[in-house]
Amino acid sequence: MSNILEIKDKVQRWLMEDKNTGQVSLLPDGYRIINGNVPVHITFEERDGEDPYVLIRITALTVWDAPMTPESQAWLLEHNNDYIFGRFAIHTAHNDKLDRDVTAVLVEHLILGDTVDPDEFLNALYTVAIAGDSFDDEFIAQFGGEHYIDD
């Protein structure tokens, strides 16, 4: 049976021991690091069922207020397999300050937390972080949007 607290603790230990991680911040449901101008969140999800498990979700927050046109969506689909770890995802939510819906483009990857080892986790973390930081400038130049600024 999975224990989400044990998995969070081991991930925190790996983040603190790794010399390349930089500043690690605590989130209500995980951790955050900054890579270049891209915040990367590491969160945990416990899945119930006959054989329960814990997922580690690595999310690079890349483009904020991204225009979702047929062209930008086609571009995301065409480039979705460019990276070993991570796939593009979009998340739309209402922004109270702007009083409208805003779409963010993310790079996400899931790892099974019960069996992950430090090398697998850190390789996935840095590959997702680098992918998010390398693609955002190209997307913004071509379609618009802004670099994601994490509060």
Side-chain angles (χ1 to χ4, degrees), residues 2 4 7-8 10-12 14-15 18 20-49 52-151:
S2 302
I4 194 166
I7 293 169
K8 281 183 176 180
K10 84 177 167 183
V11 166
Q12 181 180 12
W14 297 337
L15 289 169
D18 185 63
N20 298 314
T21 301
Q23 176 86 27
V24 178
S25 303
L26 189 60
L27 297 172
D29 57 350
Y31 307 100
R32 175 183 62 205
I33 66 166
I34 303 293
N35 182 65
N37 62 359
V38 174
V40 180
H41 291 190
I42 302 124
T43 56
F44 305 85
E45 301 170 23
E46 199 159 27
R47 300 291 174 99
D48 296 326
Y53 57 94
V54 174
L55 289 175
I56 302 170
R57 182 180 301 273
I58 301 169
T59 306
L61 311 171
T62 57
V63 180
W64 184 79
D65 204 10
M68 285 295 106
T69 64
E71 293 79 16
S72 66
Q73 291 174 350
W75 188 92
L76 290 171
L77 286 171
E78 288 169 14
H79 292 278
N80 218 16
N81 287 322
D82 289 356
Y83 305 106
I84 295 170
F85 296 101
R87 297 291 175 259
F88 294 119
I90 57 173
H91 176 74
T92 302
H94 187 76
N95 183 290
D96 291 333
K97 279 186 179 177
L98 299 175
D99 194 29
R100 64 179 171 87
D101 287 348
V102 175
T103 299
V105 178
L106 316 169
V107 178
E108 289 190 326
H109 184 69
L110 296 171
I111 300 176
L112 187 58
D114 303 84
T115 59
V116 68
D117 64 49
D119 289 337
E120 178 187 8
F121 170 74
L122 292 170
N123 284 333
L125 174 65
Y126 292 122
T127 304
V128 168
I130 290 166
D133 196 35
S134 66
F135 117 87
D136 60 346
D137 292 329
E138 183 178 354
F139 185 92
I140 290 169
Q142 194 165 346
F143 301 107
E146 300 177 32
H147 287 104
Y148 200 103
I149 299 171
D150 200 20
D151 295 326

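Because the structure is predicted, anything quoted here is derived from the model rather than measured. Sequence positions, counted from 1, serve as the residue numbers for this chain.
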Please report the shortest heavy-atom distance between [X] and [Y], naming the atom on each side.
X: Trp75; Y: Gln142; value: NE1-OE1, 3.6 Å
X: Ala60; Y: Gly132; value: CB-CA, 4.2 Å
X: Val63; Y: Gly144; value: CG1-O, 4.2 Å
X: Gly86; Y: His109; value: N-ND1, 3.4 Å

With distance as the sole test, does [X] use its side chain to make a donor-acceptor pair with the main-chain N or O of [Y] at under 3.5 Å?
X: Tyr148; Y: Val105; value: no
X: Asn80; Y: Phe88; value: yes
X: Asp114; Y: Val54; value: yes
X: Ser72; Y: Pro67; value: yes
X: Asn123; Y: Asp119; value: yes

In Å and rounded to the nearest 0.5 Å, what is the [atom1] to [atom2] distance from [X] to [Y]?
X: His41; Y: Thr59; atom1: NE2; atom2: OG1; answer: 8.0 Å
X: Asp136; Y: Glu146; atom1: CG; atom2: CD; answer: 12.0 Å
X: Arg87; Y: Asn81; atom1: CZ; atom2: CG; answer: 4.5 Å
X: Lys8; Y: Thr43; atom1: NZ; atom2: OG1; answer: 9.0 Å
X: Ile7; Y: Ile111; atom1: CD1; atom2: CD1; answer: 11.5 Å
X: Ile58; Y: Leu106; atom1: CD1; atom2: CG; answer: 13.5 Å

Taking the side chain as every heavy atom from C-beta outward, state whether [X] and [Y] have any atom pair closer than 4.5 Å.
X: Trp14; Y: Leu125; value: no
X: Asn95; Y: Trp64; value: yes
X: Leu76; Y: Met68; value: yes

Inset, instruction - Inspect the contact between Asp65 and Arg100 and indicate whether a charged nitrogen and a carboxylate oxygen are less than 4.0 angstrom apart. - result: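 Yes.
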Inset, instruction - Could you please spell out the steps behind the side chain to side chain contact (heavy atoms under 4.5 Å, CB included) verdict for Lys10 and Val116? - result: CA-CA 10 Å; Lys10 84 177 167 183; Val116 68; 4.0 Å; yes
Legend entry - Pair Asp99-His94, side chain to side chain contact (heavy atoms under 4.5 Å, CB included): steps then yes or no: CA-CA 7 Å; Asp99 194 29; His94 187 76; 3.5 Å; yes
Inset, instruction - Give the intermediate values and the outcome of side chain to side chain contact (heavy atoms under 4.5 Å, CB included) for residues Thr62 and Phe139. - result: CA-CA 10 Å; Thr62 57; Phe139 185 92; over 6 Å; no
Inset, instruction - Answer with yes or no after comparing the ring centroid distance for Phe135 and Tyr83 against a 6.0 Å cut-off, counting only values under it. - result: no
Inset, instruction - Could you give me the CA-CA distance, side-chain angles and deciding distance for Val11 and Phe44, then say whether side chain to side chain contact (heavy atoms under 4.5 Å, CB included) is met? - result: CA-CA 10 Å; Val11 166; Phe44 305 85; 3.9 Å; yes
Inset, instruction - Determine whether more than 12 heavy atoms belonging to other residues, nucleotides or ligands lie under 6.0 Å from atom CG of Leu112. - result: yes
